[in-house]
Amino acid sequence: MAARKRKPIFIKGTYFDYPSLFLIAFLFLFGLMMVYSISSYKAGINYDDSAYFFKRQLLFGGVGFVIMIVVSKMRYQILRSWSKVIIIATTLLLLSVFVIGKSSNGSTRWISLGVISFQPSEIAKLALIIYMAYLCTDKSGYLKNLKGTIVLSLVPIFVVGVIAVENLSTAIVCAVIVVSIWFVATPKPWYMIFVLIAGVVFVFAFIKLASYRSDRITAWLDPENSPNGYQTMQALYAIGSGGLFGRGLGQSVQKMGYIPEAHNDMIFSVICEELGIVGGAAIIIVFALMVWRFRFIAEGAPDRFGALIMVGIIAHIGFQVFLNIAVVTNLFPNTGVTLPFISYGGSSVSFLMLEMGVALSVSRQIVPIGNMREVAE
């Protein structure tokens, strides 16, 4: 009997979604510009180099961009057979944080490797996307009843729970990724009632476990009079002072030490201050276009696994953008979630580029509508 021919790791593909690549590149380059504009004051004082944060973002983002291109040329189907290994390795990394983790701002979320530090929870987002796509493809029979669904959800729930101990906001993002893939894949959408109830109980329990989370709720309800509402109020001042068209690029006042960590999770407020409501709205439109392109890729994916990967990526980007902007505008309690591609964060932007590489890998195997007609004829 002839041996089965192994499929190549790298493929040429019949299509490539250049609009998605353009949107990714645009957001990253725009983020670089804003990181320099916002962080130059702080970097000049703390590091005697106004471009310190810009250089680090450029370095990690550049490496991530190269990784993205390489991954985009690979067959994403190989992730299916490695999904269990990926989720186990990610879980071990998450657990190692409690042993060798580095503390920052009262939370232990980082693993330090000398010159670089990273949050395993950032890796967990992609790991959960891959693992959930695998479960809902290879184990889809379990989704036909509630008992089977609960069995399949045990590992994702454990992973999200481990993240939530020190990083509830990222755990919520991961939970939305898991639920979104499961909701699209399951033939029993009414299970969502149980999921929503469990989600509310889950969030409430973890808020009660740490007093600072309750303080954030208080600050959200009354930021003007709360001792913890300073950052939120400064962000709102920035948005308000920017008006319709903004003060001008580089002309922010709030970035001069008024907004803590302005180049991180509060970067959208300074974007609005410098570029106005029009500039902020334009960035939201760019993110909406990205989600639309990713939906196009999901609909054209050659298999269920690829389509569900794209569902997870759409959920990740869409919800994290919504959550970040909701926090900045005080529609949601402060979470510390960053704005994808734009907020400063070397390792996080690298992992995000890896995720984009997987998305572009799926795009290489879709069959455009025009080609479908040719095949049919």
Side-chain angles (χ1 to χ4, degrees), residues 23-24 26-39 42-43 53-54 56-61 63-65 68 102 104-107 109-111 116-126 128-129 163-164 166-177 216 231-232 234-235 238-239 254-255 259-273 280 283-284 286-287 290-291 313-356:
L23 292 170
I24 293 167
F26 173 83
L27 286 170
F28 172 62
L29 292 174
F30 176 79
L32 278 176
M33 178 182 72
M34 294 310 303
V35 164
Y36 178 74
S37 172
I38 296 169
S39 68
K42 178 180 179 180
F53 294 106
F54 170 81
R56 287 180 62 86
Q57 189 81 341
L58 178 61
L59 173 62
F60 284 99
V63 171
F65 201 88
M68 177 187 75
K102 175 184 174 183
S104 177
N105 297 323
S107 297
R109 304 175 181 178
W110 302 80
I111 291 179
I116 63 169
S117 298
F118 69 95
Q119 295 187 61
S121 57
E122 294 295 329
I123 305 175
K125 295 172 185 175
L126 180 57
L128 283 169
I129 289 171
I163 297 171
E166 292 287 346
N167 195 345
L168 180 59
S169 55
T170 300
I172 292 173
V173 174
C174 290
V176 168
I177 290 171
R216 289 182 177 181
Q231 187 181 41
T232 298
Q234 294 303 319
I239 296 172
Q254 296 302 112
K255 71 181 181 184
I259 301 179
E261 302 297 325
H263 56 298
N264 288 336
D265 49 295
M266 287 291 172
I267 197 169
F268 185 77
S269 63
V270 184
I271 291 174
C272 291
E273 183 183 7
I283 292 304
I284 293 174
V286 173
F287 277 115
M290 174 176 281
V291 169
I313 293 175
I314 289 170
H316 172 206
I317 300 299
F319 182 71
Q320 189 161 325
V321 169
F322 164 78
L323 187 58
N324 176 270
I325 295 175
V327 166
V328 170
T329 54
N330 202 38
L331 297 175
F332 202 83
N334 201 325
T335 61
V337 169
T338 58
L339 188 62
F341 301 102
I342 298 177
S343 292
Y344 172 76
S347 57
S348 63
V349 76
S350 297
F351 295 135
L352 185 58
M353 288 296 183
L354 173 61
E355 186 175 319
M356 295 302 101

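Everything quoted here is computed from the prediction, not taken from an experiment.
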Do you know which two heavy atoms are closest between Gly280 and Cys272, and how far apart they sit?
CA-SG, 4.2 Å
Shortest non-hydrogen contact between Leu352 and Phe341, atoms and distance:
CD2-N, 3.4 Å
Pick from Phe268, Phe28, Phe30: which one makes a side chain to side chain contact (heavy atoms under 4.5 Å, CB included) with Ile342?
Phe30
If you apply the rule side chain to side chain contact (heavy atoms under 4.5 Å, CB included), what do you find for Val63 with Met353, and how did you get there?
CA-CA 9 Å; Val63 171; Met353 288 296 183; over 6 Å; no
Between Asn324 and Asp265, is there a donor-acceptor pair closer than 3.5 Å when you use the side chain of the first and the backbone of the second?
yes
Within this structure, what is the CD-CD distance for the pair Gln234 and Gln254, rounded to the nearest 0.5 Å?
5.0 Å
Determine, stepwise, if the pair Phe53 / Ile38 fulfils side chain to side chain contact (heavy atoms under 4.5 Å, CB included).
CA-CA 10 Å; Phe53 294 106; Ile38 296 169; over 6 Å; no
Please report the interatomic distance NE2(His316) to CD1(Ile129), rounded to the nearest 0.5 Å.
6.5 Å
Would you sort out whether Met290 and Val321 count as a side chain to side chain contact (heavy atoms under 4.5 Å, CB included), showing the intermediate values?
CA-CA 11 Å; Met290 174 176 281; Val321 169; over 6 Å; no
Any donor-acceptor pair under 3.5 Å linking the side chain of Gln320 with the backbone of Thr338?
yes
Distance, nearest 0.5 Å, that separates CD1 of Ile123 from OG of Ser347:
8.5 Å
Any donor-acceptor pair under 3.5 Å linking the side chain of Thr329 with the backbone of Ile325?
yes
Between Ser269 and Ala238, the two heavy atoms sitting closest are O-CB, 3.7 Å
At what distance, to the nearest 0.5 angstrom, does OG of Ser39 lie from NZ of Lys255?
8.5 Å
From the options His263, Arg56, Gln57, select the one residue that forms a side-chain hydrogen bond (donor to acceptor under 3.5 Å, both in side chains) with Tyr344.
Arg56
List the atom of Met266, the atom of Ala235, and the distance in Å for their closest heavy-atom pair.
SD-CB, 3.8 Å
Please give me the minimum heavy-atom distance between Ile163 and Ser121, naming the atom from each residue.
CG2-CB, 4.0 Å
Any donor-acceptor N/O pair, Gln231 side chain to Ile259 backbone, under 3.5 Å
no
